[in-house]
Each structure stands twice: as C-alpha cells, then as structure tokens.
Protein chains: 4
Amino acid sequence: MTSETPRRRLAPEVRRRQVLDAALAVFSEEGFHGASMDAVAARAGVSKPLVYAHGGSKDELFAACLRREAERLLRSVQAAAGEPGEAPLVRLRRALRAFFHALTTQRAGWTVLYRQASTGPFAGEVDALRRRIVEQAADLMAGGLGVPRAVALPYAHTVVGAAEGLADWWLTDPDAGRATDAEPADVLADMLVTVVGPGLDALTGGAIGVSAAVSDER
Amino acid sequence: MTSETPRRRLAPEVRRRQVLDAALAVFSEEGFHGASMDAVAARAGVSKPLVYAHGGSKDELFAACLRREAERLLRSVQAAAGEPGEAPLVRLRRALRAFFHALTTQRAGWTVLYRQASTGPFAGEVDALRRRIVEQAADLMAGGLGVPRAVALPYAHTVVGAAEGLADWWLTDPDAGRATDAEPADVLADMLVTVVGPGLDALTGGAIGVSAAVSDER
Amino acid sequence: MTSETPRRRLAPEVRRRQVLDAALAVFSEEGFHGASMDAVAARAGVSKPLVYAHGGSKDELFAACLRREAERLLRSVQAAAGEPGEAPLVRLRRALRAFFHALTTQRAGWTVLYRQASTGPFAGEVDALRRRIVEQAADLMAGGLGVPRAVALPYAHTVVGAAEGLADWWLTDPDAGRATDAEPADVLADMLVTVVGPGLDALTGGAIGVSAAVSDER
Amino acid sequence: MTSETPRRRLAPEVRRRQVLDAALAVFSEEGFHGASMDAVAARAGVSKPLVYAHGGSKDELFAACLRREAERLLRSVQAAAGEPGEAPLVRLRRALRAFFHALTTQRAGWTVLYRQASTGPFAGEVDALRRRIVEQAADLMAGGLGVPRAVALPYAHTVVGAAEGLADWWLTDPDAGRATDAEPADVLADMLVTVVGPGLDALTGGAIGVSAAVSDER
DNA sequence: CATGAATGAGCATTCATTCAT
DNA sequence: GATGAATGAATGCTCATTCAT
C-alpha cells in the first residue's frame, strides 16, 4: 500500500480552520444543498466524523463559514472607510476600493455569502449582514452631510447593489476593469464613485464638491 | 374505479404551461434542491410521470422555467424602452419603471431567476440572461450618445446591479419605496435615474441634459 | 444477467402485510436497534423505499408490528376466555390454552412484544398491553367470585408472569411440555392451572371448587 | 497543561469496578444499543481508552456487567435459601424474600439482566442464568420432597416466571405490594408462596403441610 | 499509564427517475 | 395517454474502536 498521508494529530484550531476552508470552497462551488459533507471531508483531506467534530452539523458548518467571511469582509471595509471626519465621497471611495480588493482574496467567501446563502435557512443571517452593510453606507452619508435618513437609505441600497453587480461582473468576466493597466479593483471602485457620486450631489443639493472628491486621490 | 375528476385529456401546450406554472411556484418557494418533483406534480394536480412527460428532467424543467421568466422579463423591459430615437435617460427611466413593475407580477420568476439559479448548473443560463440585459442597456447608451462601448459597459453593469439591489430590497422590505404615496415601482425607478443619471452625464462630458431628463415625464 | 424477480406490482395491502411480516421477523431476531431497514427490505425481497412507503419510519414500522401482534394475541385469548357466566378457573384454563396455542403460530410476535419492546420508546405501548392483559385476568377473577380487586390484582400479575415464564421456557427449550404426548400447549396451560388454581382457592377462602375445575374438561 | 484533577493512578481492580459500575448504570438507563461508550466513559469520569483497557469491547463490557449482576443475585438467593434440611416451602419463601429484597438494591442490574439482555447476542448468557435459577428451584423441591424431576421442572419455571412478573410489576408500579405497611418485598414474596404453595401441595399429593408452611415464619 | 484526536463502517431517510398496468 | 408502484443512489449523521502523544 502506498504510504497514505499519515493520520496526523493537529491542534484543534488548525484543524478547525482547515475544515472551514474546505467547507467554504465546496459550498462556494456547489451551493449549500449541492455540497455534501463527504465532499467537504474529502476536500479537507480528513474523515467525515472529523468534519462533524470540528464544524458541527451541516447547517452549523455553513453558518460558521458565513460568519467568518462576513466578519472578514466587514472588517476590511470598515478599516478602509476611516474616520467620520473626512469627506463622505472620499470615505466611500476608499471603502469601495477595499471592498473590491477584498473580493480578490475572498472570492469563494463572496460567492457563498451572496449567491448561496440568500436562500434557505440562512437568508436571515445574510439579510442581517447586508443590512449592516447598507446601514453603514447610509450612516456614512447621512452623518457626513445633512442628508435625511429617508433619502440616504435608498441611495445606500443603490450603491451597494451596484457594487455587487460590478463585483459579480468582475468575478465572472475576466476583462472587467482591465481597460487600463491600473489595478482593476481600483478601476471598478473609481468607476462606481464616478457614476453614483454626482447623483449624491444632486440629491443633497450640491452639498459636496463632487468633482473634487472624484478626481482626488488618484 | 369510480370516475372522480375524469382526468381530462388536455392539449399538450396547456398541460405544459400548467406544469411550468406549478414548477415555478414550487421552485420559487423551496429553491431548486428543496423542491421535489412530487411537490411539483402535486401543485400541478397531475401525476409525476406526466410532469416528466411535459417538463423533462428536473434540470430541464428548471431551465425551462428560467427561460420562460427571462423571456417575459426581457420582453416587458424591451417594449418599454421604446425606439432608439428618444433621449437615452428617458428610455432608461421607462425601462426601469417597466422592470420594477414587472417584478410585482413576476415575483416568483424573479426569485427563481436571481436567488435560486445563480448557483449550480444554471449559473451559466442566468449569466447569459444577465449579459443580455446588460448588453441591451449598454447599447441603449452607446447608441444614443456617442459614448464608447468600453465606457458604456461598466456603466450598464453598475445600473443593472443597482436595479437588482433595489429590487431585492423592495421584495424584502415592505417599506421600500413607500415614502410618498406614488406607485413604489415608479419611485424606485425614478430614484435610480436620479442617482445614476448625473453620473452618466459626467462620464459623457455633459452630452445629455440630465436635469431635464430626470425631471421630465413625471 | 440471471432473470431476477421481476418488479411485480402488488396490491397495497398485500405489500403492506409482506413488509410487516418481514419487519416482524427481523425485529424478533435482531431486536429493534439491531434491526436495520436494509435487513427488513432484504427479508421482504423489496427495496428500501418501498419499506418506507408501506411501513413508514422505523419507529412507526415497529409500532405497527407491535400493535398487530398484540391485537392478534388479545383476540385469540379473549375469544377463548368465553362468557362471564362460566366458572372462573374454567375460563382461565381455556384462556391459557389459547394463549399457549397462539404462541406456536406467533412466536416472532411474542418475542417482539415481550423481549424487544419492553425497552426503548415503546415501553409505554407494551406496558399498556400488559396492563390490559392483567386487568382482564383480574376482572375474570374479581368478577367471577367475590374476590376484592386488591387481592385479584397481584394474583393476576402472578399468573400472567408465570404464563410468560412458561412461554419463554417453551419457546427456548424444545422439551418443554413434551412429557406426555398431549398437545404441549395444553399441557403447559393445565400445569399452570394446577399450580395456581389451589392458591386462588386458598385466597378466596374456598369459594371455588378447585379440584373439580382442575380436573374438568380434560 | 495545568494539573487539574491529577488523574490519580488507581489500582486496576478499583478502576475496573468503577468502569463496570458506570457501564451498568448507563446500560440500564439507555439499553445496550442506546448506550454509547462515550457515555460510559463520561459516567465513570475517565477517558474512553481507559474504558476499553479495563472493560474490553462493548460486548465484553456488557457481558461483564451481566455476569457480575447475575452472580450477585444468585449469591443472595442461594444464601437465603439455606440448607437442604429444612422444609421446601420455608426455603422457597426465604429465597423469594431474598430475591425481592435484592431487587431493591440491584434495580439497575435487574433491568440490564432481564430487559436489555434477553435479546441479541446475550440471550444465551441470560438464558444460562435463568436456567441456573430454575435448576436451583427445581432441586430445592425435587430434593426436599420426593417429587420427580419431570414434575419439579415445569413447576420451577412457573414459580420463577411468576416471581419475574411480580418483580416487573413492582419495579414499574409504585403501588405494588403496598397494600399493608409491611415491607413490600416480603409482601410480594409471601403472596407468591400463598399462590403457588397449595399448587405444589396438590402436585405432590399432599406431601407437604402447606398451610403450616405458608402461615409459618410471619 | 492515560488521553485527545482521528477514522471506518453503518444506518435511517429521501428523491429523481422509470416500469407495468 | 396517464398513473400508481417501485427502485438505485445519495446524504446527513453516529458510533465503536484505535493511534500518536
């Protein structure tokens, strides 16, 4: 018999990450229902009971993936958005750049979060995340300028939706954002600011110097 | 056997529509994997083999639902967009209004298209549809004004993504678009034009009279 | 390929009995936990889903076996016990004869009822059955003679317990009851009456002519 | 690792008893199949491998419990039965009293022996025990009076079965044996002698002074 | 010696799919 | 043409058992 990988003993947290990583990959490729625990185990290179030991039931495992990826994504974007003192569109642009950058390293996570989870028993969890993101965006604007919340909220939904649309495009089409030789993530973020920035200006009655913000920080 | 409902022989195309309708309903409620062929048959009020006879395998059935709903949606929007002669933003707004209106009568279809199908073996099919929509939007602008395709395409992705985001919001949150007592579908469409219109103006170097178009046709 | 048994279509009630019979056999041999649905299916010569279709879940299947066997057994004994008008010991003897006779054709049922089910989620069901039997026996005596219930009840438990003990012996040991060439079931029943009859006489202060009853109806 | 409970090295036989006690408790509560080795280990407060080291496989562990409890029970009863010199019914009554008394302190053991083990791979073991008990009872009578073995054996089965029936009743129903305020174990034992004593007298043609024995030793 | 970590094997259950009527 | 009856193939999950430390 060829010397199979010997039954190594690993630290629980290492194993847990291993399992979560495998689960994320499989879930993102096959979807929640399409993914089998066997497939997760195989991907992780371990036995099925170990998956259960470290990840719990299939539902728990999926929820754990979800939460981990959401946390990661939110953290990146929040850190990039910076302090409330700055100009809203500048903060928005930095946040969007961070968002598109994060997707490059979290492609599977994004897929799981936005394509797999919005259905089934986790719609609630994902909805909550989405709401947190949108709220954050709405706060960014409602706080930064005097925009009333009732105006900021649909705007935030629009921007977040647009970002998701571009993200999907980017992850699907290899040419997306590659018109120039700048970093595609930045190109897409800037593009988005260019498109929605003036609209925000219009909504707020010119409270922001859009063009300045848009042309800034290149 | 006592002749209960006499199991009328129906014309094949009628049966087919019956089956597709049932399938759409079940798929939209339970998701692709959650839906069982038994449930579809029960919903259609026919036997399972008949479902197979008229709808093919589960995959084929799902794909058929997908295509039918996509066709419907595209047709509505295309019809509303009108002729190439008119002002792009006017056409865009009409198209968006039609889109949001269509969702009210095609809620199940939308759910299936965008929540269930974007994963699994149908991602391709959905992608193709999305691409058709985006192409159409890009044409609308690239044709209407002198915008180069390379600029129009990402813009189109942005707008379509934003529309999807708002649509999800709308279908999820009962308050979405109900700030005034205007038709919510129109409110959302107009909101979107307000947000992305000026950006288009900026992108094209002022080729369109945005403000006019935006305030027009109220 | 050798012509396997062709997938015959059978009437539902026939199939159901087939499945129940197989389940009873397997349960009686392996116990509830030891029995696998695969084994039941194999024994019935059908596929596993068919077992589920006709027998429900494993629990339901077991419960169904239980109830069917209990019903059978009770019916036999009740019929044999006859009308309240007759002498108690005569009725008791006839009932016991019927009981031991029933065991010959219901060996598996007995095992399932008394050896498998007294544990696990069905203890309640079996307890109820046992109580019905004991109550019936107690009534037989409390009603037939003037014995107070408080005396009849432990007596009934004693007699039923003794009958079960003999039954186990009989089903285990091939020699049991074969001292003479009379029907073993009858020998055991009569033996039991001989042993416990005089005790009943003693308990009731000689209300019954035991010896007469005991020697009667040979 | 911080030395919590220092996991004392214990003498092997002490450990073994610890493990057997835990196993008995778990088996009696959950049944053979329902009991998991994890549960046994947890109950014993030791690790699973230690259970294997001291108790062997699950089957062996169960068998060990079985044998230990059987031994205990037999010893109690044998000791109580006393010397062959005495009157058979007196000895029987003492033995029965000891039996019912033993159950109060060995409830778990009884449950395991008679409810869990009578099925599956241990039926043999339990049968052997039962046979030893019955043999003993038969010897008691065949030896004490001139009864031939062929008569004594079924009688013994009857008495033992009746005792088991009463025991089950007692352990199930809290009112059993509590008519007077005498010790229930004694009440049940005496009750049993009252019921089966006269029958033995009848079988042997009046060789024993039943009434004397029965009323004796109150 | 004692254990945490790991696994092979099995089980109840469901479902898409297809014959026989 | 339409259906009730049947099945092959998975799938989620658990457990007795054993290494590596």
Side-chain angles (χ1 to χ4, degrees), chain A residues 4-12 14-16 33-41 45-61, chain B residues 1 6-10 12 15 33-41 46-54 56-61, chain C residues 4-12 14-15 33-41 45-61, chain D residues 1 5-10 12 15 33-41 46-54 56-61:
Chain A
E4 320 191 346
T5 327
R7 210 204 222 192
R8 284 285 302 287
R9 259 176 86 122
L10 267 67
V14 176
R15 274 286 196 232
R16 178 173 167 82
H33 282 291
S36 76
M37 294 300 264
D38 277 290
V40 172
V46 299
S47 71
K48 217 180 344 172
L50 193 144
V51 172
Y52 278 87
H54 290 274
S57 75
K58 193 183 184 184
D59 279 26
E60 287 165 356
L61 187 58
Chain B
M1 202 180 289
R7 315 207 214 110
R8 298 265 315 285
R9 276 279 293 272
L10 269 65
R15 274 281 197 238
H33 276 98
S36 75
M37 295 299 265
D38 279 286
V40 172
V46 299
S47 74
K48 228 183 332 176
L50 196 145
V51 172
Y52 277 87
H54 289 274
S57 77
K58 191 184 185 184
D59 281 24
E60 287 164 358
L61 188 57
Chain C
E4 321 191 344
T5 329
R7 209 205 221 190
R8 284 285 302 287
R9 261 175 85 120
L10 267 66
V14 176
R15 275 285 197 234
H33 282 291
S36 77
M37 293 300 263
D38 277 289
V40 173
V46 299
S47 71
K48 221 180 341 172
L50 193 144
V51 173
Y52 278 87
H54 290 274
S57 74
K58 192 184 184 184
D59 279 28
E60 287 164 357
L61 187 58
Chain D
M1 200 180 293
T5 333
R7 313 208 218 109
R8 298 266 316 284
R9 280 275 297 271
L10 268 67
R15 275 281 198 237
H33 277 97
S36 74
M37 294 300 264
D38 278 286
V40 172
V46 300
S47 73
K48 224 179 340 171
L50 196 144
V51 172
Y52 276 87
H54 290 274
S57 78
K58 193 185 184 183
D59 280 25
E60 287 164 359
L61 187 58

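Sequence lines set the chain letters: A, B, ... in the order given, protein chains first and strands last, and positions in each chain run from 1.
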F/dT14 pairs with, by Watson-Crick or G-U criteria that keep both distances under 3.5 Å: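 Base partner found: E/dA9.
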
Partner nucleotide of E/dT21 by Watson-Crick or wobble geometry (both distances under 3.5 Å):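 Across all strands, the one nucleotide that pairs with E/dT21 is F/dA2.
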
Taking the minimum atom-to-atom distance to the side chain of [X], which one of [options] wins?
X	options	answer
D/Ser36	E/dA16, F/dA16, E/dT13	F/dA16
A/Met37	F/dC13, F/dA6, E/dT14	F/dC13
C/Pro12	E/dA16, F/dA5, F/dT18	F/dA5
C/Ser47	F/dT7, F/dG4, F/dT17	F/dT7

Given atom [atom1] of [X] and atom [atom2] of [N], what is their separation to the nearest angstrom?
X	N	atom1	atom2	value
C/Leu50	F/dG8	CG	P	11 Å
A/Arg16	E/dA5	CZ	P	14 Å
A/Leu61	F/dC13	CG	C1'	13 Å
C/Tyr52	E/dC15	OH	P	13 Å

Side-chain donor/acceptor of C/Lys48 to base of E/dT13, under 3.5 Å: yes

Sugar-phosphate only, base, or nothing, as touched by A/Ala35 at under 4.0 Å among non-hydrogen atoms: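 Answer is sugar-phosphate: A/Ala35 comes under 4.0 Å of backbone atoms only.
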
Nearest-nucleotide comparison on DNA chain F, the residue closer to the 5′ end among C/Ala11 and A/Lys58: C/Ala11

Of A/Asp59 and D/Ser57, the one whose closest DNA chain F nucleotide lies more 5':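 Of the two residues, A/Asp59 wins.
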
Verdict with supporting geometry, C/His54 and C/Val46, side chain to side chain contact (heavy atoms under 4.5 Å, CB included): CA-CA 11 Å; C/His54 290 274; C/Val46 299; over 6 Å; no

Atom of D/Ala41, atom of D/Ser47 and distance for their closest heavy-atom approach: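 Scanning both residues, the minimum pair turns out to be CB-C, 4.0 Å.
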
Presence of B/His33 side-chain N/O under 4.0 Å of F/dT11 phosphate oxygens OP1/OP2: no

Under-4.0 Å side-chain N/O to phosphate OP1/OP2 contact, A/Arg15 with E/dA5: no

5' precedence on DNA chain E between A/Val46 and C/Pro49 (nearest-nucleotide basis): A/Val46

Nearest-nucleotide 5' precedence on DNA chain E, A/His54 against B/Asp38: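 Comparing both residues, the 5'-ward one is A/His54.
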
Atom pair CE (D/Met37) and NZ (D/Lys58), whose distance is rounded to the nearest 0.5 Å: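 Spacing of CE (D/Met37) from NZ (D/Lys58) equals 7.5 Å.
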
